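We name chains A, B, ... by the order of the sequence lines, and we start the count at 1 in each one. Computed from a predicted model, the values in this text were never measured in an experiment.
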Amino acid sequence: MPVKKEPFFWLTLSSAGIILAFILLPLVHVIAAPSMESLWETFNDKDVRKAIWLSISTSGLAAIISLVAGTPTAYLLARKEFPGKRLVESVVDLPIMIPHPIIGIAILSIAGRNHWFGRAIQSIGVEIMGTTTGIVTVLTFVGLPFYINTVKAGLESIPERLEKVSRSLGASQTQTFFRVVFPLAWRSMLAGLIMCCARAISEFGAIVIVAYHPMVAPVLIYERFTAYGLKYSQPVAVWLILVSLALFLGLRFITLPSASKAKTG
Amino acid sequence: MIRIEQLSMDLPDFSLNNVDIHVREGEFFALLGPTGAGKTLILESVAGVGPVHSGRIFVDGAEITRLPPERRGVGIVYQDAGLFPHLNVEKNIAYGLRYQKKTEKKRLDWVKWLMERFGIAPLAGRSVENLSGGEKQRVALARALSVKPRVLLLDEPLSALDPAFREDLRNLLKELHSQLSLTCLMVTHDFSEALFLSQRAAVLNKGGVEQCGGVKDIFNRPASPFVAHFVGMKNVFPACGENGQVRVDCLNLSMPSNGRPEPKYAAVRPEHLLLLERKPVQDNQFGLFPAEIRGMVDYGIFCEVLLDYQDQTLVAAAAKSALMSMGLDAGAKVWVEIPQDRIHFF
């Protein structure tokens, strides 16, 4: 006879059920609401396709920038102890905590002509306000903490001794990174890219201030909602959800360890 | 071969204080001490993968203190083997050969020879994650020796192994050391490993060297109560000397000093205490006193016998069969004899 379940078991089960319903109900409703005709019509809308592509390409670019710039920082935070480390970690986390319109305002305020930095980047032809560059800048800003924190956790799980052994066998620090650390950390780096990308694709608050045009998908959805109502914004939302889901599920599939590894691990 | 001079480091919860160690060429040297004594820190600073705040390290007469690890010619084997989990056995062993000036064929031949020498040739293509502890350590040793280091550092290489594998690897280490004339510096907290493998040793405690010298000398003549306890000399008592005599008052012992410097302590190994069922005929025998057995700790082949004498507790070790034939158990009264030549004063 099975052992009688305690009330705590039913509490965990019902809590999980409520949370799943809370997340899935609105999303399922959004996906199910538009008719096939309106979905097809939206798919053929050039502006929608352009906005979704812009969302994905700028998010992807922000993730790649995070990979290049964030990996060394994640390595430093995972491996070294130094005075002020906690402060650096807090600064890295700041974009998660600050309301995103403020991030937009902050970026604009230093990228404008009134700031030496703005004048400096404009003098070399870099324009932030109302450009794709501006969108990528904002997305990198909001996505970086997600990349750095994910990769840092992945690096911390790799024993530092492996690097020490590698060095004693004649490999330099760079060679050790590419021959030992990277092969063991690439899954967490890919997971970091996904996290960064996911955060970037959903960004609205900061983008709407820095670059309303060219229009990314969340801004387009917002515009259609305010101008034409729920019915016209829903199909765009569905396409953004489907494209993002396909992308993330694909990436997640790559990052999952193989079945045999999972068993032995 | 390895000379460590005044090595010090200050870490948030530990400091290493002016450590001086000299390991001779071809010597097997053991760094002994309990957990947290600073042994691994010293090893890693020689390998160049640990911090050095002050002091100098020399290998072969050349200073290596500020050299990057890859240019030191120092191999290291950790307790957990530290094998690269994404590489198979053969690739682990061949890892460092990329940085050696050898042709591809020579590299392959060398790896093959190492695998055969270490008895791991059948494992060549296996994932290192599926190896036993002993196999992992063999791979780690082969990998460390593949680049022909000038010095081999061993960080408790035997302590994570099952007893059978441990003995096997211990013999292999001894064999390799004598065959290849390796200079080895091994960290261990097990004195029996040091006794078996090394010629000289240093005992560390709280970041400082307590005693350094021949390993048998440390075993038989510890220089401090800490070292005495560490080498299993469990009976340590205060001692004093005056008028050409040394005395251990708590045991009512007194003997000629024979020119010994004034001692502070007297120590006796448990196996050197003799247990007698009844008082010997010679009444005035040296170091003879009655005691009561308080308890016994069974170690299988032998037992540790805890003895009460006045307000002192002594520890004796005796074969279990001997104790059984004497019919001794907790509460029994026995006579204890301490042979004069077995008492170590320091």
Side-chain angles (χ1 to χ4, degrees), chain A residues 71-72 75-89 151 153-192 254-265, chain B residues 11-13 40 43-51 64 67-87 91-102 126-131 139-155:
Chain A
T71 305
Y75 183 85
L76 181 79
L77 293 174
R79 283 287 182 257
K80 304 287 173 199
E81 287 300 324
F82 53 88
K85 184 178 168 181
R86 299 285 164 265
L87 186 71
V88 175
E89 285 172 335
V151 176
L155 291 171
E156 279 169 345
S157 70
I158 301 169
E160 198 180 349
R161 281 186 171 182
L162 299 185
E163 293 176 56
K164 292 178 177 178
V165 170
S166 167
R167 300 289 305 273
S168 76
L169 291 167
S172 66
Q173 203 165 10
T174 313
Q175 287 162 335
T176 296
F177 182 84
F178 285 107
R179 290 190 71 195
V180 176
V181 180
F182 180 74
L184 296 172
W186 72 269
R187 281 180 201 281
S188 61
M189 288 161 84
L190 203 54
I254 302 171
T255 56
L256 283 176
S258 65
S260 62
K261 268 205 159 178
K263 267 180 207 165
T264 53
Chain B
L11 300 174
D13 47 1
T40 301
L43 209 69
E44 290 197 333
S45 55
V46 175
V49 292
I64 60 160
L67 269 187
E70 61 270 23
R71 287 175 52 202
R72 293 187 177 209
V74 172
I76 188 161
V77 174
Y78 282 108
Q79 179 182 354
D80 60 1
L83 300 178
F84 305 127
H86 57 297
L87 301 177
K91 285 179 179 164
N92 258 282
I93 296 172
Y95 182 90
L97 296 179
R98 186 184 283 194
Y99 312 108
Q100 307 266 306
K101 286 172 189 156
K102 274 185 179 167
R126 286 259 297 271
S127 158
V128 295
E129 289 185 325
N130 301 322
L131 303 180
V139 177
L141 268 172
R143 183 180 64 180
L145 294 176
S146 69
V147 294
K148 297 186 176 166
R150 293 185 289 176
V151 169
L152 182 62
L153 307 175
L154 303 157
D155 185 10

Peer 1: Please classify the contact between B:Val74 and chain A as side chain, backbone, both or neither, with a heavy-atom cut-off of under 4.5 Å.
Peer 2: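 Backbone of B:Val74 only, per the 4.5 Å heavy-atom cut-off to chain A.
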Peer 1: Measure distances from B:Glu44 to the heavy atoms of chain A and classify the residue's part below 4.5 Å as side chain, backbone, both or neither.
Peer 2: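 For B:Glu44, the contact with chain A is made by the side chain alone.
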Peer 1: Do any N or O atoms from the side chain of B:His86 and from the backbone of A:Arg179 form a donor-acceptor pair under 3.5 angstrom?
Peer 2: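 Such a contact is found between B:His86 side chain and A:Arg179 backbone.
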Peer 1: Is it the side chain or the backbone of B:Ala144 that comes within 4.5 Å of chain A heavy atoms, both, or neither?
Peer 2: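 Interface part for B:Ala144: backbone (N, CA, C, O).
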Peer 1: Any chance you could measure A:Ser168, atom OG, to B:Tyr78, atom OH, to the nearest 0.5 Å?
Peer 2: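 Answer rounded to 0.5 Å: 7.5 Å.
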Peer 1: Can you tell which part of B:Leu87 gets under 4.5 Å to a heavy atom of chain A, answering side chain, backbone, both or neither?
Peer 2: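 When you check distances to chain A, no heavy atom of B:Leu87 falls under 4.5 Å.
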Peer 1: Thinking salt bridges, do B:Asp155 and A:Arg161 make one under a 4.0 Å N-O criterion?
Peer 2: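 Answer for the salt bridge query: yes.
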Peer 1: Side chain, backbone, both or neither: which part of B:Arg98 has an atom under 4.5 Å from a heavy atom of chain A?
Peer 2: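 The answer is the side chain of B:Arg98.
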Peer 1: Mind checking the OG-CZ spacing from A:Ser166 to B:Phe84? Nearest 0.5 Å is all I need.
Peer 2: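 Separation between the atoms: 5.0 Å.
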Peer 1: With a 4.5 Å cut-off on side-chain heavy atoms, are A:Thr176 and B:Glu70 touching?
Peer 2: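 Not in contact.
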Peer 1: Looking at chain A, which one of B:Gly96, B:Ala47, B:Gly82, B:Pro69 has the largest number of heavy-atom pairs inside 4.5 Å, strictly under?
Peer 2: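 Most heavy-atom pairs under 4.5 Å with chain A: B:Pro69.
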Peer 1: Do A:Val165 and B:Tyr95 have side chains that get closer than 4.5 Å, going by heavy atoms?
Peer 2: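 The answer is no, as the side chains (C-beta and beyond) never meet within the 4.5 Å cut-off.
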Peer 1: What part of A:Leu162 lies closer than 4.5 angstrom to a heavy atom of chain B: side chain, backbone, both or neither?
Peer 2: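 Both the backbone and the side chain of A:Leu162 come within 4.5 Å of chain B.
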Peer 1: Compare every heavy atom of B:Arg143 with every heavy atom of A:Leu169, then report the nearest pair and how far apart it is.
Peer 2: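 So the minimum-distance heavy-atom pair works out to CD2-O, 3.3 Å.
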Peer 1: In terms of heavy-atom contacts, does OH of B:Tyr99 have more than 12 from other residues, nucleotides or ligands at under 6.0 Å?
Peer 2: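 Atom OH in B:Tyr99 is crowded, with more than 12 foreign heavy atoms closer than 6.0 Å.
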Peer 1: Is it true that, when you exclude B:Arg71 itself, more than 12 heavy atoms of the residues, nucleotides or ligands shown sit nearer than 6.0 Å to its CZ?
Peer 2: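 No, CZ of B:Arg71 has 12 or fewer neighbouring heavy atoms, counting only those of other groups under 6.0 Å.
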